[in-house]
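To start, the structure itself, in structure tokens.
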Amino acid sequence: MRIRPLAATVGTLLGVSTLFFPATVAQAIDHPHRPVVVAHRGASAYAPENTLAAVDKADDLGITWVENDVQRTKDGELAVIHDTDLKRTTNVEQVFPDRAPWKVADFTMAEIKRLDAGSWFSPAYAGERVPTLEEYLERVGDHRQKLLLEIKAPELYPGLELQTLRELRREGWLDRSHVRRKLIIQSFSADSVGMVHKLRPDIKTGFLGAPEVADLKTYARFVDQINPSHRTLTPEYVAAVHQLRGAHGRRLEVFTWTVNDGPRAALLKSYGVDGIITNTPDIVRDATARSSTSDHSAFAGASAS
Ligand code: G3P
Ligand code: CA
């Protein structure tokens, strides 16, 4: 794991007043109703992933937390999309047949806006568009929802962390209220999460993955969450994470993904996870509301989804 040094220009770019948040001033997002249910790419079992419709659907279901993926277009815009190419979730092959391999980074935002990002999912969503991060933040804000933002494939987009933070700040997401209660930034890249933590030490962060227990202490210096796939998660691993304090001095948390069935969600609740990231947030919410944390043995045989 290598954490890049902080660029000298960062203070100027982000604004000095928004930097230098000592860890003691750091936000403390409490989760009174554990596990927190996070709509993965929005309520993506019911609406096309990472679209405004998926955010709306999560809101319709009464889900407060949504997860998304942020990448950068050819002309430097921030777009909300999961895959690093446009094939699976848009009609790009029809609209731009000569532009293989249809990488997000090879298209301008104006070109991407011409694509239908809903028909692949259902004709009911024909005409849905790939949102910019700005549009996405505004919609999430309109719903008073909270955001688990993933910096996606940062190795492809140098400076994505700083640019994302600047956009969050421009849209009002880095004020005290948002940072304290409404925002977590995560990535599969430890370097990327480390960079976010260096740029804005007050923001809650998560590492996507399952580091060796022996390495957790190192991660805990710059993250508040360890967010592993549920498939290999064990109660012992959750306990090992919980033994440590994260970057803001609170118990290191576990948000696990992607859990789409009720019995599995109830089992993971019994492990003590702090959050469950799911395409079916209504199902997970109902299943975890019903179960108690002492149900571990009852669900021990549930299969992984
Ligand atoms: O939030 C967890 C999850 O999004 C990580 O995997 O591939 O869906 O971005 P992926
Ligand atoms: Ca994601």
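Along the sequence shown, residues carry numbers from 1. Atoms within each ligand, like the ligands themselves, are counted from 1 in listed order. Heavy atoms only: backbone and side chains are in, while hydrogens, waters and symmetry mates are out.
In this structure, atom 4 (O) of ligand 1 lies nearest to the protein heavy atom E67 OE2, 2.7 Å. Closest to atom 10 (P) of ligand 1, if we only count protein heavy atoms, is H82 NE2, 3.2 Å. From the protein, the heavy atom lying nearest to atom 3 (C) of ligand 1 is H40 NE2, 3.4 Å.
The atoms of ligand 1 that sit less than 4.0 Å from any heavy atom of D69 are 9 (O). Listed by number with element, the atoms of ligand 1 under 4.0 Å from a non-hydrogen atom of R41 are 7 (O), 8 (O), 10 (P). Close approach of ligand 1 to Q186 (heavy-atom distance below 4.0 Å) involves ligand atoms 1 (O), 2 (C). Atoms of ligand 1 lying under 4.0 Å from any heavy atom of K152, numbered from 1 in the order shown and given with element: 7 (O), 9 (O), 10 (P). Within the listing of ligand 1, atoms 4 (O), 5 (C), 9 (O) sit less than 4.0 angstrom from a heavy atom of E150. Interface atoms of ligand 1 facing L208, defined by a heavy-atom separation under 4.0 Å, are 2 (C). Of all the atoms in ligand 1, the ones that sit under 4.0 Å from a non-hydrogen atom of F188 are 5 (C), 6 (O).
For the pair E111 and K74, the salt-bridge criterion is not met [side-chain N within less than 4.0 Å of a carboxylate O]. With respect to R88 and E93, no salt bridge is recorded, no charged nitrogen being found less than 4.0 Å from a carboxylate O. With respect to R200 and E161, no salt bridge is recorded, no charged nitrogen being found less than 4.0 Å from a carboxylate O. Salt bridge present: E253 and R34 bring a charged side-chain N and a carboxylate O closer than 4.0 Å. A salt bridge between R251 and D274 is present, with a side-chain N of the basic residue lying under 4.0 Å from a carboxylate O of the acidic one.
Considering the Ca ion (ligand 2) as centre, the angle to OE2 of E67 and to OD1 of D69 is 120° (10° rounding).
For E150, the N/O/S atom at the shortest distance from the Ca ion (ligand 2) is named OE1.
Taking any N or O of W257, backbone or side chain, none lies under 3.5 Å from an N or O belonging to ligand 1.
More than 12 heavy atoms of other residues, nucleotides or ligands shown are found within 6.0 angstrom of CD on E155.
Side chain to side chain, H82 and N50 fail the donor-acceptor criterion of an N or O pair below 3.5 Å.
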| said: Could you go through Y46 and D282, starting from their C-alpha distance and side-chain angles, then the distance that decides it, and tell me whether this counts as side chain to side chain donor-acceptor pair (under 3.5 Å)? | reply: CA-CA 11 Å; Y46 311 119; D282 52 339; 2.6 Å; yes

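Taking the side chain as every heavy atom from C-beta outward, L147 and I184 never approach each other to under 4.5 Å.
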